[in-house]
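Below is one structure, written out as structure tokens; comments come after it.
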Amino acid sequence: MSKGLPETRTDAAMSELVPEPRPKPAVPMKPVSINPNLLGYIGIDTIIEQMRKKTMKTGFDFNIMVVGQSGLGKSTLVNTLFKSQVSRKASSWNREEKIPKTVEIKAIGHVIEEGGVKMKLTVIDTPGFGDQINNENCWEPIEKYINEQYEKFLKEEVNIARKKRIPDTRVHCCLYFISPTGHSLRPLDLEFMKHLSKVVNIIPVIAKADTMTLEEKSEFKQRVRKELEVNGIEFYPQKEFDEDLEDKTENDKIRQESMPFAVVGSDKEYQVNGKRVLGRKTPWGIIEVENLNHCEFALLRDFVIRTHLQDLKEVTHNIHYETYRAKRLNDNGGLPPVSVDTEESHDSNP
Amino acid sequence: MAATDIARQAGEGCRTVPLAGHVGFDSLPDQLVNQSVSQGFCFNILCVGETGLGKSTLMDTLFNTKFEGEPATHTQPGVQLQSNTYDLQESNVGLKLTIVSTVGFGDQINKEDSYRPIVEFIDAQFEAYLQEELKIRRLLHNYHDSRIHACLYFIAPTGHSLKSLDLVTMKKLDSKVNVIPIIAKSDAISKSELTKFKIKITSELVSNGVQIYQFPTDDEAVAEINGTMNAHLPFAVIGSTEELKIGNKMVKARQYPWGTVQVENEAHCDFVKLREMLIRVNMEDLREQTHSRHYELYRRCKLEEMGFKDTDPDSKPFSLQETYEAKRNEFLGELQKKEEEMRQMFVQRVKEKEAELKEAEKELHEKFDRLKKLHQDEKKKLEDKKKSLDDEVNAFKQRKTAAELLQSQGSQAGGSQTLKRDKEKKKTREEKSISDRTCTTPGKHPVVPCALVVCAV
């Protein structure tokens, strides 16, 4: 912070007193650092409380997308994450078991409340991903969906008479489920992540981690990390968006050690040591979902919800959305027109 | 190619789902707040009021510091705005405070345009923000917000009513910024006069349709306190940075021979209320109102003024972009047309001038020819005259010699009679030759009758 320059300020003040037909638009002067020992309490820090109250009143939106082949436990994991039935499992569908011929995008919204905080959670499921024989370009519908959400937001923002709070349907986080083969990433995985890491925050997750032993797990994770690096795939938290040293060290730790998280999901409770825990019961023992020795679900949950939820939204808004907007405004006419579907489909956000 | 099939279920009716345990997103407000704290807050206050009403002192008192600055004189030719930015820090919250003050407000003899610089300043801040928002590559989250969040309007403590300047200015400002009127230097008014004054002010504001900022009463937590405060508007404040010892504490006060006015004593003035409302309770609301109400209004008006409309029924995405381009092309086309017009006009003028010049040239030539001809005629005439004169001179000379010859012969032969007779003869001969000459055909050169002056022998 530069120290105040009284001379220039009074000079500038003097020059402003010279008669002029128009006042100069206020260029903020170099801020003067006031000695932090104020002569008494003003109450500026109450703004934190004011802001908190306001945000609690307005509530939050969060949109999470899960991508992966069928049977990897996506819906279960989401239910475990949010401790409620927010995602209906494929096996419980009443219609006949049909593998969708195309990649479908299903977005379901729920309102959950905790501690006075209301959150509108939207889970976007992608059944049919990677399930066909020929999976070429199966990420395209997903990319298109994500861009459509950006487009919607942009249209609202550009309006003359804007809504007070633009409904935010942009995808804030995309959990990509990696199949626990134990070898390496599949070409489909690489292709998907390569294309989508530029438009959305991708968090790779190793699904059904209870099929690997601890050594296999750590080896697999290392290999996956290496492959992601070699292919230039930047998953969340991206290195380039670390703002200060503190963030960097924290995120480096997560990037190099924990990610990708090897998780197990479950929504059934069992009695272990007198406590009721979420877990999976097998003949050889009960896998506790929230036990850090068993799997990294708790890490994932804390990472996504308790510490980085707001950051996910910020990165989506400030970086991915701005990139999309700049591109759109720059080569308007170069992009193919957005499909008419968006105008026909009704708004799901009240 | 796999086509998309977007199905949106549970559209309007998002059901509320109960949670089976602690998820942890109740820390979300904390996450949000932490982010804002690390970014820092900014707050911009505009103080409008006549010179000498204690604006700077009040700011010093409100924020418990001494902001540097010199008091202004009364001799400003126009209203100017002076802006200063300060960085305040309290516990872990950093606030970038900008205080804008009017200089010379109400000092001029003709105050018709006094409000104008203020309105232009506020608009300029909105404009800067709008420009940033419309940019292609923008940095909104790092942008230093300079829009005015609160406008404190200082009312002079006359005790009677609002001045017309006050009414006019507040009316112009109420749709652009949150106006909070305060009665300055209120230690000049007694308590009973004060209540009457406040009632008069509020009724005048209402009757003139001035919308001052009302503290929000929709949030239950603050509704009650805000409601009571709304009844106390406008606040009567006193500012002071001097501290005096009252009892066993140091308090900010002003000392008079008849007593001491304590700034933070609620019975003496409303300073504490103002501070509560402005900073401790409603700072965030002021910022939000500025952004969502005043700024949006400005933006809407500005864009409509520029000719943009919202998307029509058969709109394509980005009518903004296309309208922009269409307007730009239109503008360029107009420019070109104007250029063409000017060029044509220029060409025409040049032609006209050329024609004129040509005409003049022709005339000059003609004149020259005429004159030349005249000159030649004259010359010829003169030459003719000369010739005839020469002829006559020669003829005379001949006769002279002949006469002299005769004379010499006559003088030898006869006497003077013959001389006389010769003279006579000569004369008659002269006369004859004259008559001969006068009778000569015009084939010979014309006779100039006066040439015979020569006959004096």
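Chain A is the first sequence line, chain B the second, and so forth, proteins listed ahead of strands; every chain is numbered from 1. If you're wondering where the values come from, they're calculated on a predicted model, not measured in any experiment.
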Quiz item: How far does OG1 of T307(A) sit from CG of N34(B), to the nearest 0.5 angstrom?
Solution: 11.0 Å
Measure [X] against the heavy atoms of chain B and call it side chain, backbone, both or neither at under 4.5 Å.
| X | result |
| --- | --- |
| L121(A) | neither |
| E113(A) | backbone |
| R301(A) | side chain |
| F60(A) | side chain |
| M51(A) | both |
| T323(A) | neither |
| H317(A) | neither |

Return the minimal non-hydrogen interatomic distance between [X] and [Y], and the atom names on each side.
| X | Y | result |
| --- | --- | --- |
| Q31(B) | L309(A) | OE1-N, 3.1 Å |
| Q50(A) | E284(B) | OE1-N, 2.8 Å |
| I279(B) | T46(A) | O-OG1, 3.6 Å |
| L32(B) | Q310(A) | CD1-NE2, 3.0 Å |
| R299(B) | V158(A) | NH2-O, 3.6 Å |
| S27(B) | R306(A) | OG-O, 3.3 Å |

Where on [X] is there a heavy atom nearer than 4.5 Å to chain A: the side chain, the backbone, both, or neither?
| X | value |
| --- | --- |
| L62(B) | backbone |
| R275(B) | side chain |
| N44(B) | neither |

Quiz item: Which residue out of D123(B), D113(B), L95(B) racks up the most heavy-atom pairs below 4.5 Å with chain A?
Solution: L95(B)
Quiz item: Between V33(B), V93(B), L28(B), which shows the greatest number of heavy-atom pairs under 4.5 Å with chain A?
Solution: L28(B)
Quiz item: Less than 4.0 Å between a side-chain N and a carboxylate O, is that true for R138(B) and E157(A)?
Solution: yes
Quiz item: Is the shortest side-chain N to carboxylate O distance from E288(B) to K53(A) below 4.0 Å?
Solution: no
Self-check item: For chain B, the option from R162(A), K118(A), K313(A), K83(A) that forms the most heavy-atom pairs under 4.5 Å
Solution: R162(A)
Exercise. For chain B, find which of V304(A), N318(A), L278(A), T55(A) contributes the most heavy-atom pairs closer than 4.5 angstrom.
Key: N318(A)
